[in-house]
There are 2 protein chains.
Amino acid sequence: MLVSTRGRYALRVMIDLAEHQGEGYIPLKEIAERQEISEKYLENILKILVRNKVLIGLRGKGGGYRLAKSPDLYTVGSILRMTEGSLAPVACLAEDAERCSRMASCPTLPMWTKLDKMITEFFDSITIADLMSSSLPGDNYVI
Amino acid sequence: MLVSTRGRYALRVMIDLAEHQGEGYIPLKEIAERQEISEKYLENILKILVRNKVLIGLRGKGGGYRLAKSPDLYTVGSILRMTEGSLAPVACLAEDAERCSRMASCPTLPMWTKLDKMITEFFDSITIADLMSSSLPGDNYVI
DNA sequence: GTCTCTACCAACCTTTCTAGTAGGTTTATA
DNA sequence: TATAAACCTACTAGAAAGGTTGGTAGAGAC
């Protein structure tokens, strides 16, 4: 599995917040309810997004979360890299991979590299705004 | 990680055997040595390929493994599906996934479906013959 | 007929990742 | 000061990854 629940939920939250922009700070409880995701689990995911300054969290009564910037300024790729760590299709291409001694002669490496590039370009070509329900699904984020 | 060692090793074995076609049956020991993979672990992987009739195993002295068909008749996709089970980038798209109640309104589903199609088409467009060292790496299995 | 080489098979193991849960602390508003 | 919220640390059950152990069965050479 390339993308786990962490990344998928993060994207859904981003879209949810994008659709409720201008309504001030949205409490976690509300998002969790709408998205049918456990509050406590979601908390862990939103923490990552706040740390990366994608979301702004406000404490106390009337607090909650909101997007730091406009939805068209966030690519799906950037959100997934934050939450998933790496989007590499194979271990050898992960940033923290130990250098493989067979690299120079590996007959499969060019294939993996090419796929990695395809995936990266795909995710980086789509923004949160593209995913919003107001968009026609399936055709507007053509690669 | 989309593709684990199981799938990667399987591909390397297929290429290895393709490059030693016409030399009769190649014992596991030899492959393991050349590929620097533990014999015992490789055994588990080859079992899958034999079960799927991609390789033919012969026991006893002089035994070993050989490809059942020509290398250009095996796509990378078919080998990976055998060994990895599923190549779906997200859980919702796996064959054995339980039907998600949000499917109809999910704003991210079209993106996942599109990526899944891209990945499948990529892997199905490359054969073991394309990966052999005699090929120029990087340009001949253009999608 | 038995020795050796080989594939084949079932079970087990360790480490890491996934998908959470529990319980408390801090900050802001009413 | 009560309450609503984010924030923080730690824990956990289960699954998957990446193997290992110890055998059984078949085929050829002597």
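Below, read A as the first sequence line, B as the second, and so on, with proteins coming before strands; counting in each chain starts at 1.
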Side-chain touch A:P71/A:M14, heavy atoms, less than 4.5 angstrom
no
Could you tell me whether A:K47 contacts a base, only the sugar-phosphate backbone, or nothing, with contacts defined as non-hydrogen atoms closer than 4.0 Å?
base
What range of DNA chain C does chain A touch, first nucleotide to last, counting atoms under 4.0 Å from its heavy atoms?
C:dA19 to C:dT29
For DNA chain C, the residues among residues 77-100 of chain A that have a non-hydrogen atom under 4.0 Å from it
none
Expressed in angstrom and rounded to an integer, what is the separation of B:E39 atom CD from D:dG18 atom C1'?
17 Å
To the nearest angstrom, the CD1-P distance between A:I56 and D:dA5 comes to 19 Å
Is there a path of hydrophobic side-chain contacts, each under 4.5 Å between heavy atoms of I/L/V/M/F/W/Y residues, joining A:L67 to A:L58?
no
Closest non-hydrogen atom pair, A:I128 against A:A18:
CG2-CB, 4.2 Å
Can you tell me the distance, in whole Å, between the CZ atom of B:R8 and the C1' atom of D:dG18?
11 Å
Can you see if the side chain of B:S4 gets near the phosphate of D:dG18 - specifically, an N or O under 4.0 Å from OP1 or OP2?
yes
Side-chain N,O (B:T5) to OP1/OP2 (D:dG18) below 4.0 Å:
yes
Taking every heavy atom of A:E95 against every heavy atom of A:S86, the minimum-distance pair comes out as OE1-CB, 3.4 Å
Show the numbers, then the answer: is there a side chain to side chain donor-acceptor pair (under 3.5 Å) between A:T127 and A:D130?
CA-CA 5 Å; A:T127 71; A:D130 293 328; 3.3 Å; yes
If you look at every strand shown and take non-hydrogen atoms under 4.0 Å, does B:L28 touch a base, only sugar-phosphate, or nothing?
sugar-phosphate
Would you indicate whether the side-chain heavy atoms of A:L55 and A:L17 approach each other to under 4.5 Å?
yes
Taking all atoms of both residues into account, what is the closest heavy-atom pair of B:C92 and B:M103, and its distance?
O-CE, 4.2 Å
Judged by nearest nucleotide, the residue sitting upstream toward the 5' end of DNA chain D, A:L58 or A:N44, is A:L58
How close or far is atom P of D:dC7 from atom NZ of A:K53, stated in whole angstroms?
11 Å
For a quick check of understanding: with a heavy-atom distance under 4.0 Å over all strands, which category does A:G62 fall into, base, sugar-phosphate or nothing?
nothing
Taking CD1 from B:I45 and P from D:dG19, how many angstroms apart are they, rounded to a whole number?
8 Å
B:L49 and B:T83: CA distance, side-chain angles, deciding distance, side-chain contact (heavy atoms from CB on, under 4.5 Å) verdict:
CA-CA 8 Å; B:L49 298 175; B:T83 47; 4.2 Å; yes
Which atoms of nucleotides 22-26 of chain D (N or O only) lie under 3.5 Å from a protein N or O atom, and what are those distances?
residue, atom, partner, partner atom, Å
D:dG22, O6, B:K40, NZ, 2.4
D:dA25, N3, B:R59, NH1, 3.4
D:dG26, O4', B:R59, NH1, 3.4
D:dG26, N2, B:G60, N, 3.1

Mind checking if B:Y25 touches a base, just sugar-phosphate, or nothing, with heavy atoms under 4.0 Å?
nothing
Rounded to whole Å, OH of A:Y41 lies from P of D:dT12 at a distance of 19 Å
Provide the closest heavy-atom pair for B:E39 versus B:A32 in the form atom of the first, atom of the second, distance.
CG-CB, 3.7 Å
Answer whether the closest heavy-atom distance between the side chains of B:Y41 and B:T5 falls below 4.5 Å.
yes
Given B:E33 and B:E30, is the side-chain contact (heavy atoms from CB on, under 4.5 Å) satisfied, shown in steps?
CA-CA 5 Å; B:E33 217 160 88; B:E30 238 179 75; 5.7 Å; no
Looking only at heavy atoms, the pair that brings A:P89 and A:L115 closest together is CB-CD2, 3.8 Å
